[in-house]
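A short worksheet on the structure shown next.
Letters go in sequence order (proteins before strands), and every chain restarts at 1.
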Protein chains: 2
Amino acid sequence: MSNQISFQSAIKSRNLRMTNQRRQVLRVLEESDEHLDAEAIYDLVRKQNPRISLATVYRTLALFKELGLVNEHKLGEDHSHFETAQEEPHYHFTCLSCRKIIEFSAPEIEETLLPRIAKQGLEINEVHLIISGYCADCQANLIEGKKQCSSPRPIHNQN
Amino acid sequence: MSNQISFQSAIKSRNLRMTNQRRQVLRVLEESDEHLDAEAIYDLVRKQNPRISLATVYRTLALFKELGLVNEHKLGEDHSHFETAQEEPHYHFTCLSCRKIIEFSAPEIEETLLPRIAKQGLEINEVHLIISGYCADCQANLIEGKKQCSSPRPIHNQN
DNA sequence: TTGATAATGCGAATTATTATCAATAAGAAA
DNA sequence: TTTCTTATTGATAATAATTCGCATTATCAA
Ligand SMILES: [Mn+2]
Ligand SMILES: [Mn+2]
Ligand SMILES: [Zn+2]
Ligand SMILES: [Zn+2]
């Protein structure tokens with residue numbers, strides 16, 4: 001089922017309204033293959049709708065998370081990143097130098113770990129696995145003393 | 001090797017100084033079997049040293065993290081929790097109702113997942129696995145409509 | 001003991017996110 | 001269509017965790 005469809009059905013169930021802002025935030029998330037943070041989403045939506053408020057972006061993301069359309073990830077930085085809910089479960093590696101995010105799957109988690117946890121009587125809602133370290137590029141660059149990755153993604157808050 | 005010992009040797013290497021505040025923070029962390037946040041550590045140290053500053057607690061925790069004496073965990077709340085570095089790797093389940101933290105081991109991570117990641121050319125520094133959901137107690141309580149766990153731990157910031 | 005300077009305490013600053021609230025707009029009903 | 005109810009928005013203030021700046025203090029090597 002596509003995200004638009006489950007959004008529509010969610011709207012019908014609760015007394016929600018379909019607004020331009022919600023459509024725009026959802027579109028930006030769907031058209032991006034990256035893990036965007038609120039500020040990045042805000043900037044992208046503003047290209048189409050310069051009047052949108054950052055507060056609306058945050059409210060919309062919180063709503064989408066509740067509806068299960070979007071997942072929030074705390075990847076070790078001081079702010080969250082968002083992506084549309086995916087079919088297959090996956091996890092995240094983040095490079096401490098260039099902040100690149102690499103997704104990976106881990107079937108041993110779904111197949112053996114989670115069942116074992118559930119058997120302990122715990123009800124599982126979310127599973128977040130974050131591995132941090134250095135990507136191949138940054139390892140090479142750091143070794144040759146550059147102390148900078150080839151493609152560093154700037155830290156958000158120093159601006 | 002005990003934490004005090006590696007603290008001593010770390011102090012010798014860099015030009016660090018052994019202060020009462022550092023001793024006190026380390027002792028509080030070692031004497032607790034919980035995952036304390038900065039505020040809780042602050043409160044515990046203040047019992048012995050009412051003059052310590054919260055900023056010093058944060059600075060000390062950052063230092064201990066650098067030295068590998070202490071690990072920081074973001075468990076889904078808006079602040080960090082800390083524990084002394086453990087021998088065996090372990091991961092964390094957090095109850096969304098009572099905020100209880102349950103540790104668990106996952107040898108499939110160290111034995112098969114991490115080697116697979118490393119083979120991709122990624123250098124691994126930290127591994128954080130957080131599973132959130134409802135503990136057995138809270139499941140029971142929530143079913144009988146109490147909407148409250150038997151032993152809820154208050155959220156920090158509503159005070 | 002003394003001197004250099006690492007570390008502290010205090011308060012201000014920062015940053016991500018949330019709350020307030022008057023103004024707006026979605027959409028059901030008339 | 002027009003009207004009406006109220007969910008949603010935009011603008012901005014408030015919050016909360018953490019960090020910074022700096023004068024003062026304490027550590028420790030000489
Ligand atoms: Mn992802
Ligand atoms: Mn632990
Ligand atoms: Zn990198
Ligand atoms: Zn619980």
Side-chain angles (χ1 to χ4, degrees), chain A residues 7-26 35-43 45-46 48-67 70 72-82 99 154-159, chain B residues 7-26 35-43 45-46 48-67 70 72-82 99 154-159:
Chain A
F7 188 13
Q8 299 287 0
S9 53
I11 287 207
K12 245 170 288 182
S13 59
R14 320 189 181 195
N15 51 356
L16 298 175
R17 290 174 185 179
M18 174 58 74
T19 67
N20 282 99
Q21 290 87 338
R22 286 173 181 172
R23 263 186 292 265
Q24 290 158 349
V25 169
L26 187 56
H35 297 78
L36 303 169
D37 58 32
E39 204 81 32
I41 294 165
Y42 178 52
D43 290 341
V45 172
R46 260 201 298 188
Q48 300 304 123
N49 174 6
R51 310 186 38 107
I52 194 172
S53 162
L54 180 57
T56 296
V57 171
Y58 275 108
R59 281 184 295 234
T60 303
L61 291 170
L63 172 65
F64 287 173
K65 201 171 59 157
E66 255 189 57
L67 299 181
V70 161
E72 176 178 10
H73 300 290
K74 314 243 181 149
L75 299 172
E77 300 182 53
D78 55 3
H79 57 271
S80 290
H81 292 248
F82 301 86
R99 297 173 183 284
I155 296 178
H156 204 111
N157 53 23
Q158 50 178 213
N159 187 18
Chain B
F7 188 14
Q8 299 286 359
S9 53
I11 287 207
K12 246 170 287 181
S13 59
R14 320 188 181 197
N15 51 356
L16 298 175
R17 291 175 183 179
M18 174 59 73
T19 67
N20 282 98
Q21 289 88 337
R22 288 173 178 171
R23 263 186 292 264
Q24 288 158 351
V25 169
L26 187 57
H35 297 77
L36 303 169
D37 57 33
E39 203 82 32
I41 294 165
Y42 178 52
D43 289 341
V45 171
R46 259 200 299 187
Q48 299 304 123
N49 174 6
R51 310 187 38 110
I52 194 173
S53 160
L54 180 56
T56 296
V57 171
Y58 276 107
R59 281 184 293 234
T60 303
L61 290 170
L63 172 66
F64 286 173
K65 201 171 60 156
E66 256 190 57
L67 299 181
V70 161
E72 176 178 10
H73 300 291
K74 313 241 182 154
L75 300 172
E77 301 182 53
D78 55 1
H79 57 270
S80 291
H81 292 247
F82 301 86
R99 298 172 183 285
I155 296 177
H156 204 110
N157 53 24
Q158 50 177 213
N159 186 19

Notebook entry, point to check: Residues in salt bridge (Lys or Arg N to Asp or Glu O under 4.0 Å) with B:Arg23, at least two apart?
Noted result: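 Partners of B:Arg23 under the salt bridge (Lys or Arg N to Asp or Glu O under 4.0 Å) test: none.
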
Note to self: Pick the closest DNA chain C nucleotide for B:Asn15 and for B:Val57 by heavy atoms, then say which residue is nearer the 5' end.
What the structure shows: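 It is B:Asn15 whose nearest nucleotide is closer to the 5' end.
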
Margin query: With a 4.0 Å limit, can you tell me whether B:Tyr58 has a side-chain N or O closer than that to the phosphate oxygens OP1/OP2 of D:dT18?
Written below: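 Result: yes.
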
Item checked: Short side-chain N/O contact to C:dT8 OP1/OP2 from B:Ser53, under 4.0 Å ->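 No, B:Ser53 has no side-chain N/O under 4.0 Å of OP1/OP2 on C:dT8.
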
Note to self: Both B:Ser80 and A:Arg22 contact DNA chain D. Which one's nearest nucleotide lies toward the 5' end?
What the structure shows: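 Result of the comparison: A:Arg22.
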
Check: In B/S/- notation, 5' to 3', how is nucleotides 23-30 of chain D contacted by protein heavy atoms closer than 4.0 Å?
Finding: ---BBS--

Check: Base, sugar-phosphate, or nothing for B:Arg51, non-hydrogen atoms under 4.0 angstrom?
Finding: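 Sugar-phosphate only.
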
Next item on the list: Compute the ring centroids of A:Tyr58 and A:Tyr42, then answer whether they are less than 6.0 Å apart.
Entry: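 Ring centres of A:Tyr42 and A:Tyr58 not closer than 6.0 Å.
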
Please pick, from [options], the nucleotide with the shortest atom-to-atom distance to any side-chain atom of [X].
{"X": "B:Asn49", "options": "C:dT17, D:dT18, C:dG9", "result": "C:dG9"}
{"X": "A:Arg59", "options": "D:dG10, D:dC20, C:dT15", "result": "D:dG10"}
{"X": "A:Leu54", "options": "D:dT18, D:dT9, C:dT17", "result": "C:dT17"}

Next item on the list: Would you sketch DNA chain D in dot-bracket for me? Only Watson-Crick or G-U wobble pairs with both distances under 3.5 Å count, crossing pairs as [ ], other-strand pairs as |, the rest as dots.
Entry: ||||||||||||||||||||||||||||||

Note to self: Side chains of B:Glu39 and B:Leu54, heavy atoms from C-beta outward: is any pair under 4.5 Å?
What the structure shows: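 Yes, side chains in contact.
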
Next item on the list: Please examine the side chains of A:Val45 and A:Thr56, heavy atoms only from C-beta on, and report whether any two atoms are closer than 4.5 Å.
Entry: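 The answer is no; the side chains never approach within 4.5 Å.
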
Under the side chain to side chain donor-acceptor pair (under 3.5 Å) test, which residues partner [X], sequence neighbours left out?
{"X": "B:Asp43", "answer": "B:Arg46"}
{"X": "A:Gln21", "answer": "none"}
{"X": "A:Glu66", "answer": "A:Arg14"}

Margin query: Is it the case that the side chain of A:Arg22 and the backbone of A:Arg17 share a donor-acceptor pair, with hydrogens and angles ignored and the cut-off at 3.5 Å?
Written below: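 Checking the backbone N and O of A:Arg17 against the side chain of A:Arg22, a donor-acceptor pair under 3.5 Å is found.
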
